[in-house]
Amino acid sequence: MSPVTDRVGPRHNPTAGAALPVNLRDLRDEAWRRLDPAHRDYFTGGAGDERTLRANETAFDAYRLLPRVLRGGGERDLRTPLLGGTLSMPVLVSPTAFHRLAHPDGEVGCARAVAGADTVLVLSMAATTPVEAVAAAMDAADRPGRLWFQLYPQPDLGFTESLVRRVEAAGCRALVVTVDSPVLGRRERDLRNGFLDLPPGLGCENMRDPETGRIRDIVLDADLDWPRIDWLRGVTRLPVVLKGILHPADARLAVAHGVDAVWVSNHGGRQLDGAATAVDALPSVVDAVGDRVPVLLDGGIRRGTDVLTALALGATAVGVGRPVLWGLAARGEPGVRQVLDLLRADLGQAMTLAGAVRPADLGPDLLNRMPR
Ligand SMILES: Cc1cc2nc3c(=O)[nH]c(=O)nc-3n(C[C@H](O)[C@H](O)[C@H](O)COP(=O)(O)O)c2cc1C
Ligand SMILES: O=C(O)C(=O)c1ccccc1
């Protein structure tokens, strides 16, 4: 049914009487029922008192929209050019660890769903599936180029460079360097549960040492600095994205160091508790960066209107982290597909109601209030 010729009434309401899920929280509840409590806490939780975790979602509540009317425009066009490719919508999948802990479909199931939705999966360095197998799933779905790789640069530069070569050879199209994790945040749920290790049979397959074949531990490196970003840019021609920027001065430095995109994020409230929410930090980062590189954002995106708000504030696209894990844990690959389809439909409807045909039509004039 075309969104612009919607007929009214329960008979024509495509969701009336339909099976759940009707929104992402339905999948969250389903996932929570299925997951082992310690794993649920790992996927759900944040650092410290979880202030930033909660605020990521509620920050979007502060925004009210000023829809435009009588603009016509027919079908919405959600396509979004980004770093040399085009996403079918301004939503991509943020890197999250341990997909096979959520569901046996794991990262391959996630990749198939992302390929079907024609957007991008950022594969976590802490993935439980080798990057080559995930890339093969994308290729099989005829969607090469929909895979990026998230990197925690390791103090062992030789290993880091060999991993970059491996990721390039697999066909990943960008490197997302996570810069908000000089140490792991204090996740008190995990401390209470004693959640430390993956069960036997699961491991970080991309951390295999090329010489010994053994899986190395991921080192979160408190010595990581700007010269290391310069070094990384020197060893690869892939676009480099910095994920975990909140301060506008860092956004300016990122551009000065030649990075290809800036990703505003507080790691879903899992690192520095009390950090600003992504959506509140976004405007000054957008201001600092100007048109020089795209600005991405994640943290608390649960609705089409959240996507709309972030884009109106100047983001080019947004990431979703936990909702994808909910879909995966609840239903495997089809659950991830549902998460992406629900967000797409919700965003399309919100844009229609706001009078925007394409993402480029979204600007700060559509926001009634600009929290600071
Ligand atoms: C269970 C879990 C694991 C995560 N693992 C990683 C990771 O390996 N690398 C990374 O850069 N970010 C990781 N993140 C952070 C996400 O990329 C993203 O920033 C965050 O989840 C966005 O917030 P949202 O969950 O509210 O969408 C993880 C988040 C969660 C919830
Ligand atoms: O759990 C996380 O948020 C995360 O980023 C991570 C870091 C190292 C290993 C596994 C996950």
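We use all heavy atoms of the structure for the numbers below, so side chains are in, but hydrogens, waters and symmetry mates are not. Remember, it's 1-based here, ligands and their atoms both numbered in the order they're listed.
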message: Does ligand 1 come near enough to S94 that some N or O of the ligand is less than 3.5 Å from an N or O of the residue?
response: no
At under 4.0 Å between heavy atoms, what of L325 touches ligand 1? The answer is side chain
**Asked** Hey, is ligand 1 close enough to A97 that some N/O pair sits below 3.5 Å?
**Response** yes
- Query: Are a donor atom and an acceptor atom from the side chains of N266 and T52 found within less than 3.5 Å of each other?
  - Reply: no
Honestly, for R302 the part within reach of ligand 1 (heavy atoms, under 4.0 Å) is side chain
Heavy-atom nearest pair, T128 first then E205, reads O-CG, 3.6 Å
At under 4.0 Å between heavy atoms, what of T96 touches ligand 1? The answer is both
Exercise for review: Ignoring angles and geometry beyond distance, decide whether T178 reaches within less than 3.5 Å of ligand 1 through its nitrogen or oxygen atoms.
Suggested key: yes
Side chains of N56 and T277: any donor to acceptor distance under 3.5 Å? no
For this session: Run the salt-bridge test on R166 and E168 with the 4.0 Å N-O cut-off and return the result as yes or no.
Result: no
Atom 8 (O) of ligand 1 sits nearest the protein heavy atom S124 OG, 2.7 Å
shortest atom 15 (C) of ligand 1-to-protein heavy-atom contact is with H267 CD2, 3.5 Å
- Query: Are any of the N or O atoms of G321 closer than 3.5 Å to those of ligand 1?
  - Reply: yes
Are any of the heavy atoms in M125 under 4.0 Å away from ligand 1? no
In short, M351 meets R76 closest at the heavy-atom pair O-NH1, 4.0 Å
protein heavy-atom neighbour closest to atom 16 (C) of ligand 1 works out as P95 O, 3.3 Å
Between Q150 and T178: side-chain donor-acceptor atoms closer than 3.5 Å
yes
Report task. Output yes when D341 and R337 qualify as a salt bridge under the 4.0 Å nitrogen-oxygen rule, no when they do not. Result -> yes
Under 4.0 Å from one or more heavy atoms of F43, ligand 1 contributes atoms 1 (C), 31 (C)
Donor-acceptor pair between R344 and S88 side chains, under 3.5 angstrom
yes
query = If you measure from each heavy atom of Y152 to ligand 1, is any distance below 4.0 Å?
reply = yes
Would you check the N or O atoms of D298, main chain and side chain alike, for any that come under 3.5 Å of an N or O of ligand 1?
yes
Looking only at protein heavy atoms, what sits closest to atom 10 (C) of ligand 1 is K243 NZ, 3.4 Å
Atom 9 (N) of ligand 1 has as its nearest protein heavy atom Q150 OE1, 3.1 Å
The side-chain hydrogen bond (donor to acceptor under 3.5 Å, both in side chains) partners of T316 (sequence neighbours excluded) come to none
Q. Centres of the F98 and F43 rings: under 6.0 Å?
A. no
Pairs under 3.5 Å, nitrogen or oxygen of ligand 2 with protein nitrogen or oxygen:
unit_1: ligand 2; atom_1: 1 (O); unit_2: Y42; atom_2: OH; d: 2.6
unit_1: ligand 2; atom_1: 1 (O); unit_2: R187; atom_2: NH1; d: 2.8
unit_1: ligand 2; atom_1: 1 (O); unit_2: R270; atom_2: NH2; d: 3.0
unit_1: ligand 2; atom_1: 3 (O); unit_2: R187; atom_2: NH1; d: 3.4
unit_1: ligand 2; atom_1: 3 (O); unit_2: R187; atom_2: NH2; d: 3.1
unit_1: ligand 2; atom_1: 3 (O); unit_2: H267; atom_2: NE2; d: 2.9
unit_1: ligand 2; atom_1: 3 (O); unit_2: R270; atom_2: NE; d: 2.9
unit_1: ligand 2; atom_1: 5 (O); unit_2: Y152; atom_2: OH; d: 2.7
unit_1: ligand 2; atom_1: 5 (O); unit_2: H267; atom_2: NE2; d: 2.8

